[in-house]
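All values below were derived from every heavy atom in this structure, side-chain atoms included, with hydrogens, water molecules and symmetry-related copies excluded.
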Amino acid sequence: MPVTINAPPQKISEKGIYFYVPYNKIGGVQNALQMSNVTISFDDGRTISRDQQKKIFAMVSDIADYCTTVKNKREYKAMLHDLQLMYLIDTSNTESVRRQLTLHFCELQNIELFSLSNCSMSLAKEFIDWLVELAVKHDIPCNDTLLNRCEDISKYIYCCLLHKKCCISGKKAELHHVDAVGRGRDRDKIIHLGYRVMPLSRAYHTEAHTIGQKTFDEKYKVYGIKLDKRLCEIWNVKG
């Protein structure tokens, strides 16, 4: 489970910012040795913006509408369980859904419950991107493209790659290579690791090749994400 630790910088120099986290804060030396990824977030002191509040309420409304529609269908129980909404009596009550989603997010991040009236802008950003990820993962239809809802486009496109969803339409995606593979090369044999790609539906994939990558990127405000080993495995390409 992710662990959030509030730690002021210990040293600021021309070379960078240094942090010190005692072993007892992360469960001891053994836990530290097993860590494979560490994320550092900077809180610049700004509070949540009105635009961020609108995004959160819009995402919650879309999630609540969808959960209300599918609540009694057996095939969606896993989705409701993942959202921690299984036992909500009335998922049409968007305020109850918002509270439950906020609580679930705080539990996952191991942080205290926060208010949308005065939380930090950085925390609101993380919450919004988490809600967007839920929508991508569970095929939750939204009233606006998630490109307009997300705070971090790179994280959003990466999430779409994980779930093989078009980053523009949300439909089933094909792997579009931003970095051209080259004519005559066998895609099954080349190393794809590090290639920039994006997940696009057949229609948008065709459009990208038709109008050119630069024009396509400017039109839809997207860009390629480098394939890592995890994505190579998901897309079954050589990494």
Side-chain angles (χ1 to χ4, degrees), residues 1-4 35-43 51-52 55-56 58-60 62-63 66 78-79 82-83 101 104-105 108-111 121-142 144-181 187 190-205 207-209 213-214 216-239:
M1 177 180 291
V3 175
T4 298
M35 286 184 175
S36 60
N37 187 35
V38 177
T39 300
I40 298 176
S41 297
F42 293 94
D43 184 353
D51 183 58
Q52 287 179 315
K55 286 181 178 181
I56 291 171
M59 287 302 305
V60 169
D62 288 335
I63 292 172
Y66 186 61
M79 182 268 293
D82 191 33
L83 299 179
L101 288 171
H104 184 34
F105 173 77
L108 290 174
Q109 299 296 319
N110 194 28
I111 60 176
M121 185 172 281
S122 59
L123 180 57
K125 173 181 179 294
E126 292 176 8
F127 187 43
I128 291 168
D129 286 333
W130 179 73
L131 292 172
V132 167
E133 183 177 348
L134 290 179
V136 173
K137 179 179 179 181
H138 296 291
D139 284 320
I140 298 174
C142 296
D144 191 10
T145 172
L146 293 176
L147 274 171
N148 292 336
R149 295 273 183 86
C150 71
E151 292 278 291
D152 187 330
I153 293 180
S154 294
K155 185 181 292 185
Y156 166 65
I157 296 178
Y158 188 89
C159 180
C160 289
L161 283 165
L162 285 178
H163 299 285
K164 295 189 174 183
K165 304 289 176 61
C166 175
C167 60
I168 299 174
S169 68
K171 296 180 180 179
K172 182 179 178 181
E174 300 173 345
L175 189 63
H176 169 65
H177 285 76
V178 174
D179 293 324
V181 173
R187 296 195 175 204
I190 66 171
I191 302 298
H192 289 73
L193 187 67
Y195 272 70
R196 290 180 301 156
V197 299
M198 62 177 66
L200 299 176
S201 67
R202 173 60 61 86
Y204 285 113
H205 198 171
E207 182 180 355
H209 285 293
Q213 193 65 54
K214 186 174 184 296
F216 185 86
D217 291 351
E218 292 174 350
K219 179 178 179 180
Y220 294 106
K221 306 297 187 294
V222 293
Y223 46 81
I225 300 296
K226 288 185 177 181
L227 283 171
D228 57 21
K229 288 188 177 296
R230 184 183 182 188
L231 291 176
C232 286
E233 291 176 1
I234 288 172
W235 287 91
N236 195 29
V237 295
K238 196 170 183 179

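For the atom pair NZ (Lys55) and CG (Asp129), the distance works out to 8.0 Å, reported to the nearest 0.5 Å.
Side chains of Gln109 and Glu126: no donor on one and acceptor on the other come within 3.5 Å. In this model, no donor atom of one side chain and acceptor atom of the other lie less than 3.5 Å apart for Tyr66 and Asp139. A side-chain donor from one of Glu207 and Tyr220 sits under 3.5 Å from a side-chain acceptor of the other.
Here the side chains of Ile234 and Leu161 are not in contact, with every heavy-atom distance at 4.5 Å or above. Using a 4.5 Å cut-off on side-chain heavy atoms (C-beta onward), Gln52 and Lys125 make contact. Two residues are said to be in side-chain contact when any heavy atoms from C-beta on lie closer than 4.5 Å; Val132 and Cys159 fail this criterion. Leu200 has its side chain out of reach of Glu174: every pair of non-hydrogen atoms, C-beta onward, lies at least 4.5 Å apart.
Ion pairing of Arg149 with Asp62 is present here, as a side-chain N (NZ or NE/NH1/NH2) and a carboxylate O approach within less than 4.0 Å. With salt bridges taken as basic N to acidic carboxylate O contacts below 4.0 Å, none links Lys229 and Glu233. Looking at Glu133 and Lys155, no side-chain N of the basic residue comes within less than 4.0 Å of a carboxylate O on the acidic one, giving no salt bridge.
Between Phe216 and His176, the ring planes are tilted. Angles from 30° to 60° get that label.
Between His177 and the options His209, His192, His205, a ring pair (Phe, Tyr, Trp, His ring centres under 6.0 Å) holds for only His192.
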